[in-house]
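The structure under discussion appears below in the form of structure tokens.
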Amino acid sequence: MTIRVLLADDQALLRSAFRVLVDSEPDMEVVGEASDGAEAVRMTKEQHADVVLMDIRMPGTDGLAATRMISADPELADVRVVILTTFEVDDYVVQSLRAGASGFLGKGSEPEELLTAIRTAAGGQALLSPAATTGLIARFLAQDPADDGDRDPARAERLDSLTGREREVLVQVAGGHSNDEIAERLEVSPLTVKTHVNRAMAKLGARDRAQLVVTAYESGLVRPRVE
């Protein structure tokens, strides 16, 4: 299956570079380019994109608002948004993850990292390094003075629907561990872990593993640590 990619960035030169790279791969193609968030949302629908490479800072409707609109649209439930950022640690990145993005990628990443990110996001898996995403969220929440008061009670209540084993797996996912690593830690098979992850995602209304990480922190199940 060919992965349909939409490029959303206000820098035409950068979009052109991404297009050349993506179109050079046999399993993916660029189906459109957008220079602002509103155009990105519209083209995502029109072009039936699978993955959107989304810059955060764009004129008009920015990438954060566009990500939120895509995530909130039931017709776009299968679309994965990958946030492109100049900074590895950025408050806007965390807000984007909360808004429904599947993960983030630095604009200075190697070409192969970008291609891997697209394939990973299209497959619904944790984007690039789960530990990196987890560490970003942990640092952000640890610095939030309203940390305790900012917990989402609705998310916390949904945790009650999880079985004991599903909660265990969720904690491990939030720790940035892969299915194979979790299987080894809990002494079960990777397939069993995958089943628990999928059930937890369904019960918590999470689009992918990145959203499971966000839920684990915002519900208070996992506490952020300050390095």
Side-chain angles (χ1 to χ4, degrees), residues 3-11 14-15 17-19 21-22 28 30-45 47 49-73 76-141 174 176 206-218:
I3 302 171
R4 300 172 62 81
V5 181
L6 179 73
L7 307 176
D9 196 297
D10 61 337
Q11 298 182 44
L14 195 56
R15 293 199 310 271
F18 285 152
R19 174 181 281 276
L21 179 63
V22 172
M28 59 182 72
V30 173
V31 296
E33 297 182 23
S35 59
D36 61 59
E39 188 177 20
V41 175
R42 176 177 60 78
M43 294 191 69
T44 297
K45 294 180 179 180
Q47 301 300 325
D50 298 310
V51 175
V52 180
L53 295 183
M54 183 83 74
D55 185 24
I56 291 181
R57 296 173 178 84
M58 292 185 289
T61 302
D62 63 17
L64 177 60
T67 298
R68 187 176 292 112
M69 285 187 278
I70 290 173
S71 300
D73 191 333
L76 303 178
D78 294 329
V79 177
R80 298 292 177 257
V81 177
V82 176
I83 296 298
L84 296 173
T85 176
T86 306
F87 308 100
E88 291 186 4
V89 179
D90 189 321
D91 293 355
Y92 284 107
V93 175
V94 180
Q95 292 181 45
S96 297
L97 290 174
R98 284 172 165 167
S102 295
F104 65 97
L105 185 67
K107 288 186 176 180
S109 300
E110 294 295 323
E112 193 57 41
E113 290 181 304
L114 176 65
L115 297 174
T116 299
I118 292 172
R119 295 186 179 100
T120 301
Q125 301 303 308
L127 179 53
L128 291 198
S129 169
T133 300
T134 300
L136 179 68
I137 296 173
R139 286 193 295 274
F140 177 76
L141 293 180
R207 294 165 61 92
D208 50 32
R209 290 174 77 101
Q211 296 307 298
L212 282 181
V213 174
V214 172
T215 296
Y217 277 102
E218 292 196 329

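Position 1 is the first residue of the sequence, and the numbers go up from there.
Scanning all heavy atoms of the two residues, the minimum distance from Gly100 to Ser71 falls at CA-OG, 3.3 Å. The shortest non-hydrogen separation linking Val213 to Ala174 is CG2-CA, 4.1 Å. Closest heavy-atom contact between Gly32 and Met43: CA-CE, 3.6 Å. In terms of heavy atoms, Arg15 sits closest to Ser35 at NH1-CB, 3.9 Å. For the pair Ile3 and Ala122, the tightest heavy-atom approach, listed with the atom from each and the gap, is CD1-CB, 3.8 Å. Here the closest non-hydrogen pair linking Ala40 and Ala8 is CB-CB, 3.8 Å.
One finds the CG atom of Leu21 at 8.0 Å from the CE atom of Met28 (value rounded to the nearest 0.5 Å). Atoms CG and CD1, on Leu76 and Ile70 in that order, are 6.5 Å from each other to the nearest 0.5 Å. To the nearest 0.5 Å, the span separating CG on Asp73 from CE on Met69 amounts to 10.5 Å. One distance of note links CD of Glu110 with OG1 of Thr116; it measures 11.0 Å at 0.5 Å rounding. Separating the CD atom in Glu33 from the CD atom in Glu39 is a distance of 9.5 Å, to the nearest 0.5 Å.
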Validation: residues 61-68 side-chain donor-acceptor distances under 3.5 Å, sequence neighbours left out:
from	atom 1	to	atom 2	distance (Å)
Asp62	OD1	Leu64	N	3.2
Asp62	OD1	Ala65	N	2.9
Thr67	OG1	Gly63	O	2.7

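Phe18 has its side chain within reach of Leu114: a pair of non-hydrogen atoms, C-beta onward, lies under 4.5 Å apart. Two residues are said to be in side-chain contact when any heavy atoms from C-beta on lie closer than 4.5 Å; Ile118 and Val82 fail this criterion. The side-chain heavy atoms of Leu53 and Asp9, taken from C-beta on, include no pair separated by under 4.5 Å.
A search for side chain to side chain contact (heavy atoms under 4.5 Å, CB included) contacts involving Arg4 returns Glu29, Val31, Gln47, His48, Asp50, not counting sequence neighbours. Not a single side chain to side chain contact (heavy atoms under 4.5 Å, CB included) links Asp78 to another residue, sequence neighbours left out.
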